[in-house]
Protein chains: 2
Amino acid sequence: MDENCSCTLTDSEIERIKNDLPGDEELYYLAELFRIFGDPTRVKILYSLFDMELCVCDIATLCDISQSSASHHLRTLRANKLVKFRRNGKTIFYSLADDHVRSIMGQGMEHVEE
Amino acid sequence: MDENCSCTLTDSEIERIKNDLPGDEELYYLAELFRIFGDPTRVKILYSLFDMELCVCDIATLCDISQSSASHHLRTLRANKLVKFRRNGKTIFYSLADDHVRSIMGQGMEHVEE
DNA sequence: CAATCATATGATTAAGTGTTCATATGTTCA
DNA sequence: TGAACATATGAACACTTAATCATATGATTG
């Protein structure tokens, strides 16, 4: 049982499938993307931004979190290009980066709602 | 700055938007779903199952992980209904639970590939 | 039934993560 | 320029989590 079972696939089949898998780096980035979505506070933030831009303070109020917590999470979301922002005086407005974000949220919600 | 900033939204607007957000329980489950995808080993397992069923041993070999690690992850994936399984004698074959899983993986990959 | 194969589980440990508190940065306005 | 506001950042701590090792379960075969 140590390395190869005798269940089904031959070594050459294993090798072929292995080559078809996305590379480790690609998988790493994909996992990282999903990890960002994998926190209740962050998905809440993302939902609050679903169809409007909001300043940090309003996001914090809407999501029942501290300003600091909101800012930390927004930093994470920004670093992973899930949100973008623009400055207007003292205020910084955040919004979803693109429609992929909405799609991913939607697909996830569909799966959860079953 | 403690609770309400004077940026943009009024209290009543805040209240209205807040009511439109998904409930905390829903957000929790959604985040949990994404958290499962948020591990490189697990996405690799999911990709190995993208278009075929595989036994635990082959999954472990394909993903360069131990049998124990594979089993633990498959347990997690199973608990969250991302994979299903069937027994055939000693062997247990795993496969993706449904097309939502493929969709989510696909959407994520699109976002990563930009 | 005993041995073997395939998989599952429990405990332990090291690494990662979110929140909080305190403080810093940057902008506006008087 | 100084005060007030909006946001960002750093450090500390509690909590979670993935990998590993050892062992258990469950099924087949002789």
Side-chain angles (χ1 to χ4, degrees), chain A residues 1-9 24 27-28 31-46 49 53-80 83-95, chain B residues 1-9 24 27-28 31-46 49 53-80 83-95:
Chain A
M1 184 219 57
D2 283 87
E3 270 305 319
N4 281 356
C5 61
S6 52
C7 294
T8 34
L9 300 178
D24 280 345
L27 289 169
Y28 175 80
E32 185 162 286
L33 170 68
F34 285 125
R35 195 169 47 75
I36 307 306
F37 283 93
D39 176 85
T41 303
R42 279 195 292 269
V43 280
K44 194 167 188 179
I45 291 175
L46 291 172
L49 296 172
E53 64 174 13
L54 290 171
C55 69
V56 178
C57 181
D58 282 341
I59 291 173
T61 305
L62 271 170
C63 297
D64 290 311
I65 57 178
S66 68
Q67 178 271 324
S68 178
S69 180
S71 191
H72 278 298
H73 282 303
L74 287 166
R75 178 186 164 86
T76 302
L77 292 168
R78 223 167 56 203
N80 287 272
V83 301
K84 58 188 174 188
F85 65 103
R86 71 180 177 87
R87 166 159 243 143
N88 186 325
K90 290 177 283 188
T91 307
I92 296 187
F93 289 98
Y94 281 89
S95 55
Chain B
M1 184 216 61
D2 282 87
E3 270 305 320
N4 281 357
C5 60
S6 52
C7 294
T8 33
L9 300 178
D24 280 346
L27 289 169
Y28 175 80
E32 183 162 285
L33 171 68
F34 285 125
R35 195 169 48 76
I36 307 305
F37 282 94
D39 177 86
T41 303
R42 279 196 292 269
V43 280
K44 194 167 188 179
I45 291 176
L46 291 172
L49 296 172
E53 63 174 12
L54 290 170
C55 69
V56 177
C57 181
D58 283 341
I59 291 172
T61 306
L62 272 169
C63 298
D64 290 311
I65 56 178
S66 68
Q67 177 270 322
S68 179
S69 179
S71 192
H72 278 296
H73 281 303
L74 287 166
R75 177 186 165 85
T76 302
L77 292 168
R78 224 168 55 204
N80 288 270
V83 300
K84 58 189 175 187
F85 65 102
R86 71 180 178 87
R87 167 158 240 142
N88 186 324
K90 290 177 283 189
T91 307
I92 295 185
F93 289 98
Y94 282 88
S95 56

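Just so it is clear, the structure is predicted and the values come from calculations on it, not from any experiment.
The distance between atom CD1 of B:Ile65 and atom P of C:dA6, rounded to the nearest whole Å, is 17 Å. Note: CZ (A:Phe93) to C1' (D:dA6) measures 11 Å, nearest angstrom. A:Leu9 has its CG atom 15 Å from the C1' atom of C:dA6, to the nearest Å. Whole-Å rounding puts the B:Ile45 CD1 to C:dT7 C1' distance at 14 Å.
Annotation: side-chain contact (heavy atoms from CB on, under 4.5 Å) contacts of B:Asp39 (sequence neighbours excluded): B:Thr41, B:Arg42, B:His73.
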Under 3.5 Å, which N/O atoms of the protein pair with N/O atoms of nucleotides 24-30 of chain C?
none

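Distance OG/B:Ser71 to CD1/B:Ile59: 9.5 Å, rounded to 0.5 Å. We find the SG-CG distance between B:Cys63 and B:Asp58 to be 10.5 Å, quoted to the nearest 0.5 Å.
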Under 4.0 Å protein heavy-atom contacts per nucleotide of nucleotides 8-18 of chain C, with B for base, S for backbone only and - for none: BBB------SS
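Residues B:Val83 and B:Leu74 share a closest heavy-atom pair of CG2-O, 4.2 Å.
Between A:Lys44 and A:Leu62, every side-chain heavy-atom pair lies at or beyond the 4.5 Å cut-off. Between B:Leu54 and B:Leu49 the shortest side-chain heavy-atom distance falls below 4.5 Å.
Between A:Tyr94 and the choices A:Arg86, A:Arg78, A:Glu53, A:Lys84, the side chain to side chain donor-acceptor pair (under 3.5 Å) rule is met once, by A:Arg78.
Using bins of under 30°, 30° to 60° and over 60° for the plane-to-plane angle, the ring pair B:Phe34/A:Phe34 lands in the parallel bin.
For the pair A:Thr91 and D:dA6, the criterion of a side-chain N or O lying under 4.0 Å from OP1 or OP2 is not met.
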